[in-house]
Amino acid sequence: MDMIDPFGRTISYLRVSVTDRCDFRCTYCMAEDMAFLPKKDLLSLEELDRLCTVFIEKGVRKLRLTGGEPLVRKNIMHLVRQISRHLESGALEELTLTTNGSQLSRFAAELADCGVKRINVSLDTLDPEKFRQITRWGNLDKVMDGIDTAQAAGLKVKLNAVALKDFNDAELPEMLRWAHGRGMELTVIETMPMGEIDADRTDQYLPLSLLRAALERQFTLTDIPYKTGGPARYVHVAETAGRLGFITPMTHNFCESCNRVRLTCTGTLYMCLGQEDASDLRAPLRASEGNELVADAIDEAIGRKPKGHDFIIDRRTNRPSVSRHMSVTGG
Ligand code: SAM
């Protein structure tokens, strides 16, 4: 039986945050001094695999590992290998991940060997100094090596950049040329008001309608119906012959076509990235060796999936729409 929510949307896409920890501290994502979950609260890799398997049995066709930084979770490749059996059986159509790229040199070949075909790498600037500034702890060279290794291993790489006012807006044309020149798609994302950070989000927020207008002074952008199962809307860029995606949770939400739910590393299921409501799957998972209890809990949670989020960024509101950081539920 497919999972269908109260608004008739079929849930076929699961994002799994395998850790809330990250080796970067991107300024729009986290505060510098973050308190992370105690290790004892985490589901084991076996438990995560069991939960993913129940979701796949219930109709999930696309699964994305995220975080925190998924590749810093200890033994993460064990989980990837385990889940890849569902690719082999045909039950799962796609296994992918979102990463900051810092560990890709080490893991790209094995990811490809596990049947991962494409990955998203988050990259907000090509300038080493600005990269250090935005990630606080990151090293651009390492990420570049990771991207090289991933492409050499045959992985399709899509870059995701959060559009940040007066930080990378002027650089995005260059990033677009660079990405398309290397056969990578680029998707730009509006910053979302999730969790307390050390900065004022109003200063960072750039509506993508403005960015698009600025890009159109240099590039010919044509809307195309291309879809990857995620929330991006795409244009074709004539000058670079590549695709550019726009993810606009603030200016144009895409909730009516939402096919996703999000599982955290503690077994909490969020039915919407932008709402606080959640369902605990850890207790029913641990309460029995069979999967009936957890399958029932998933059905109950899907029955509560809200119509959409209501993110607001403005000076008057000036507080997060949801208290948790993006690193809890992942991108
Ligand atoms: N560590 C991995 C990475 O860097 O891709 C996966 C997790 S990270 C939280 C996923 C994505 O969320 C990244 O592309 C990041 O830039 C984005 N992100 C983080 N906080 C955000 C926010 N407040 N608004 C929009 N995107 C955000």
Side-chain angles (χ1 to χ4, degrees), residues 15-32 34 36 64-73 76 96-104 107 111 118-125 130-131 134-140 142-143 146-147 150 157-165 167-168 172 175 179 185-208 211 230-232 245-251 253-254 260 262-265 270 273-274 309 311-313 319-331:
R15 297 197 180 184
V16 185
S17 174
V18 295
T19 175
D20 63 331
R21 288 167 197 253
C22 189
D23 51 346
F24 291 1
R25 288 289 180 280
C26 298
T27 56
Y28 54 83
C29 182
M30 293 187 183
E32 184 155 23
M34 291 283 290
F36 292 110
R64 177 178 297 278
L65 301 179
T66 175
E69 172 48 43
L71 296 179
V72 302
R73 170 96 196 231
I76 186 62
T96 180
L97 88 164
T98 305
T99 173
N100 64 25
S102 69
Q103 311 296 315
L104 270 179
F107 291 119
L111 286 168
R118 55 181 197 123
I119 56 173
N120 289 359
V121 177
S122 304
L123 183 65
D124 300 322
T125 175
K130 282 168 78 177
F131 187 80
I134 199 75
T135 61
R136 290 194 181 104
W137 297 359
N139 175 345
L140 183 62
K142 252 178 108 176
V143 174
I147 292 175
V157 176
K158 190 184 79 166
L159 299 181
N160 283 338
V162 177
L164 298 163
K165 189 165 72 185
F167 176 76
N168 60 2
L172 285 165
M175 281 185 76
E185 280 178 24
L186 174 69
T187 291
V188 281
I189 308 173
E190 284 172 344
T191 187
M192 291 176 272
M194 301 185 62
E196 292 288 352
I197 52 171
D198 304 320
D200 182 344
R201 289 194 193 273
T202 332
D203 295 334
Q204 304 179 327
Y205 171 52
L206 176 67
L208 291 188
L211 176 69
F246 292 92
I247 300 186
T248 54
M250 306 302 299
T251 53
N253 85 34
F254 30 75
R260 295 174 286 287
R262 295 158 193 273
L263 182 67
T264 74
C265 56
Y270 286 93
L273 183 64
H309 61 70
F311 286 135
I312 303 173
I313 295 184
R319 61 181 156 69
S321 296
V322 292
S323 56
R324 64 185 187 279
H325 291 87
M326 186 76 171
S327 50
V328 174
T329 26

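Side chains included, hydrogens not; waters and symmetry mates left out as well; all remaining heavy atoms used. Start at 1 and go down the list; that is how both ligands and their atoms are numbered.
- R64 and T98 form a side-chain donor-acceptor contact under 3.5 Å, judged by distance and modelled atom types alone.
- Atoms CD and CZ, from E185 and R118 in turn, are 7.5 Å apart once rounded to the nearest 0.5 Å.
- Within the set M192, Q103, M194, the minimum heavy-atom distance to atom 25 (C) of ligand 1 is found for M192.
- In this structure, G67 counts as a contact residue of ligand 1, since one of its heavy atoms falls inside 4.0 Å of the ligand.
- Annotation: the span from S323 atom OG to E196 atom CD amounts to 9.0 Å, rounded to 0.5 Å.
- If you look at T99 next to ligand 1, the close heavy atoms, those under 4.0 Å, all belong to the backbone.
- Under a 4.0 angstrom heavy-atom cut-off, M30 registers as lying outside contact with ligand 1.
- Each of the following atoms of ligand 1 lies closer than 4.0 Å to a heavy atom of E190: 25 (C).
- Listed by atom number, the atoms of ligand 1 under 4.0 Å from T66 heavy atoms are 6 (C), 7 (C).
- In terms of protein heavy-atom proximity, atom 16 (O) of ligand 1 is closest to Y28 OH, 2.7 Å.
- Between D23 and K142, none of the side-chain N atoms (NZ, or NE/NH1/NH2) sits under 4.0 Å from a carboxylate O, so this pair counts as no salt bridge.
- For atom 6 (C) of ligand 1, the choice among S122, G330, G68 with the nearest heavy atom turns out to be G68.
- Protein heavy atom nearest atom 26 (N) of ligand 1, with residue, atom name and distance: V162 CG2, 3.7 Å.
- For the side chain to side chain contact (heavy atoms under 4.5 Å, CB included) with F36, the lone residue among V328, D20, T19 that qualifies is D20.
- Judged by the 6.0 Å distance and 45° axis criteria, R324 is positioned over the aromatic ring of Y270.
- The ring of F131 has its center closer than 6.0 angstrom to the ring center of F24.
- Of the listed residues (Q204, E69, M326), the one carrying the non-hydrogen atom nearest atom 19 (C) of ligand 1 is M326.
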